[in-house]
**Student:** 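The structure that follows is given in the form of structure tokens.
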Amino acid sequence: MIVKSSIFKTSVVKSDDILNLEMPEFAFVGRSNVGKSSLINALAGKNKLAKTSSTPGYTKFVNYFIFNEKERPFALIDLPGYGFSKTGKQNILLWSELITSYFENSQNLKCVFVLVDSRIEPTEKDLQMIKYLYANNIPFKVVATKTDKLSKAQLSKNLKAIASTLKITTNNIISTSSEKKENINLILDIIENFMN
Ligand code: GTP
Ligand code: MG
């Protein structure tokens, strides 16, 4: 699929304000700093559509981006990161409520991309997320990020460990690098398939 346009639509702070956009939606979740916003930028072919930061916990709200608005529009949703917060327990709870509320209220959610850092063992929260999606019949794909930081051998070893922790097989993990634009087209292919 060719991305012809991408815009930031809005940022939702409260559960009650989750949008109904009437177009297919694809959400990005994962621990803070895993590379969700960077992946959305890579998909858009832009550097600064979604704001990124090396400080974990940067995206705090539900951010909506609309792609190909004039043709077959679809929305990408940048969800707050989980599992890392410098702002206290209250915020972690609020964030997870916002994420849950997004899943419960999005009528057109087609697929969730669950991002895991290819260098780091997935956490209990990643496993919880996958179990939640599975239990609620929400289609999901696991995406390993930042593969440019690893050698081929290290990547292959880590993918096995990630698959084992998440109780999936390695061919169910899409390895990506937003930095080097690797396999970004595979994510676009998945999006396209869900739209047909
Ligand atoms: P939160 O908004 O805090 O939840 O984080 P996020 O998941 O949106 O992560 P973000 O995209 O802001 O990226 C975090 C850091 O990782 C930034 O410093 C990015 O430049 C870096 N990063 C993201 N993707 C890649 C990648 O593919 N390769 C490399 N080398 N760095 C990356
Ligand atoms: Mg972010």
Side-chain angles (χ1 to χ4, degrees), residues 3 6-13 25-67 75-103 111-130 132-133 140-152 154-156 158-159 162 166 173-188 190:
V3 173
S6 54
I7 55 155
F8 167 69
K9 174 82 175 171
T10 191
S11 198
V12 166
V13 181
E25 292 184 21
F26 301 87
F28 295 76
V29 292
R31 60 183 290 162
S32 290
N33 211 43
V34 70
K36 299 175 293 295
S37 303
S38 301
L39 182 56
I40 289 176
N41 284 336
L43 291 163
K46 292 181 181 170
N47 285 333
K48 289 181 182 159
L49 181 67
K51 290 189 190 131
T52 64
S53 168
S54 54
T55 310
Y58 195 72
T59 308
K60 292 190 174 56
F61 307 123
V62 178
N63 292 325
Y64 289 78
F65 300 89
I66 298 180
F67 280 51
L76 299 189
I77 324 297
D78 194 2
L79 291 169
Y82 45 68
F84 202 110
S85 167
K86 284 188 179 163
T87 39
K89 277 186 181 155
Q90 198 102 39
N91 262 349
I92 293 180
L93 185 66
L94 176 75
W95 295 352
S96 57
E97 269 174 17
L98 201 50
I99 294 173
T100 314
S101 175
Y102 171 78
F103 290 140
C111 179
V112 177
F113 293 99
V114 181
L115 275 59
V116 294
D117 191 317
S118 59
R119 301 163 303 167
I120 307 171
E121 271 284 297
T123 63
E124 182 57 33
K125 286 223 164 89
D126 295 310
L127 190 56
Q128 272 175 25
M129 175 57 70
I130 284 173
Y132 173 87
L133 295 171
F140 65 88
K141 301 278 178 196
V142 175
V143 177
T145 62
K146 309 190 189 183
T147 57
D148 56 282
K149 294 201 174 190
L150 292 173
S151 70
K152 279 228 163 69
Q154 280 172 318
L155 177 62
S156 138
N158 288 8
L159 288 178
I162 291 169
L166 297 180
I173 305 175
I174 309 149
S175 305
T176 62
S177 164
S178 297
E179 183 104 353
K180 295 270 187 294
K181 309 280 180 283
E182 273 188 71
N183 288 343
I184 301 305
N185 55 332
L186 290 185
I187 309 283
L188 288 173
I190 292 168

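Read the numbers this way: they start at 1 and go in the same order the structure lists the ligands and their atoms.
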**Student:** Using a 3.5 Å distance criterion without hydrogens, assess whether the side chain of Asp117 forms a donor-acceptor pair with backbone atoms of Val34.
**Tutor:**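 No, Asp117 side chain to Val34 backbone: no donor-acceptor pair under 3.5 Å.
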**Student:** Is there a polar contact, in the sense of an N or O pair closer than 3.5 Å, between Ser178 and ligand 1?
**Tutor:**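 N/O-N/O distance under 3.5 Å: yes.
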**Student:** Examine Ser32 and say whether one of its N/O/S atoms is closer to the Mg ion (ligand 2) than 2.8 Å.
**Tutor:** no
**Student:** Side chain of Ser177, backbone of Thr145: donor and acceptor closer than 3.5 Å?
**Tutor:** no
**Student:** Can you tell me if Thr145 contacts ligand 1 (heavy atom of the residue under 4.0 Å from the ligand)?
**Tutor:** no
**Student:** At under 4.0 Å between heavy atoms, is it the side chain or the backbone of Asp148 that contacts ligand 1, or both, or neither?
**Tutor:**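 Side chain only.
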**Student:** Can you list everything that forms a ring pair (Phe, Tyr, Trp, His ring centres under 6.0 Å) with Phe67? Sequence neighbours excluded, please.
**Tutor:**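 Phe74.
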**Student:** With a cutoff of 4.0 Å, is Ser53 in contact with ligand 1, counting heavy atoms of the residue only?
**Tutor:**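 It does; at least one heavy atom falls under 4.0 Å.
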**Student:** Please list, in number order, the atoms of ligand 1 under 4.0 Å from a heavy atom of Gly81.
**Tutor:**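 So the answer, numbered in order with elements, is 4 (O).
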**Student:** If you measure every N/O of Asn33 against every N/O of ligand 1, is any gap under 3.5 Å?
**Tutor:**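 Between Asn33 and ligand 1, an N or O pair is found under 3.5 Å apart.
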**Student:** Return yes if some donor-acceptor pair links the side-chain N/O of Asn183 with the main-chain N/O of Ser175 below 3.5 Å, else return no.
**Tutor:** yes
**Student:** Pick one of side chain, backbone, both or neither for how Lys149 approaches ligand 1, counting any non-hydrogen atom pair under 4.0 Å.
**Tutor:**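 The answer is the side chain.
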**Student:** What atoms of ligand 1 come within less than 4.0 Å of a heavy atom belonging to Ser38?
**Tutor:**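 Every atom of ligand 1 under 4.0 Å from some heavy atom of Ser38: 10 (P), 11 (O), 13 (O), 19 (C), 23 (C), 24 (N).
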**Student:** So, do Leu155 and Ser118 sit near enough that their side-chain heavy atoms are less than 4.5 Å apart?
**Tutor:** yes
**Student:** Check each atom of ligand 1 against the heavy atoms of Ser54 and keep those under 4.0 Å away; list them by number with element.
**Tutor:**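 Numbered from 1, ligand 1 contributes 18 (O).
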**Student:** Evaluate Thr100 against Tyr132 for side chain to side chain contact (heavy atoms under 4.5 Å, CB included), listing each step before the verdict.
**Tutor:** CA-CA 10 Å; Thr100 314; Tyr132 173 87; 3.7 Å; yes
**Student:** Does the N or O separation between Thr52 and ligand 1 drop below 3.5 Å for any pair?
**Tutor:** no
**Student:** Please examine the side chains of Arg119 and Lys146, heavy atoms only from C-beta on, and report whether any two atoms are closer than 4.5 Å.
**Tutor:**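 Sidechains of Arg119 and Lys146: in contact.
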**Student:** Pull out every atom of ligand 1 sitting under 4.0 Å from any heavy atom of Ser177, numbered as shown with elements.
**Tutor:** 27 (O)
**Student:** As an exercise, identify every atom of ligand 1 less than 4.0 angstrom from a heavy atom of Gly35.
**Tutor:** 6 (P), 7 (O), 9 (O), 10 (P), 11 (O), 13 (O), 23 (C)
**Student:** Do the side chain of Lys125 and the main chain of Gly30 share a donor and acceptor less than 3.5 angstrom apart?
**Tutor:**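 Here the side-chain-to-backbone pair does not exist.
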**Student:** Side chain to side chain contact (heavy atoms under 4.5 Å, CB included) between Phe103 and Val29: does it pass, once the steps are laid out?
**Tutor:** CA-CA 11 Å; Phe103 290 140; Val29 292; 3.9 Å; yes
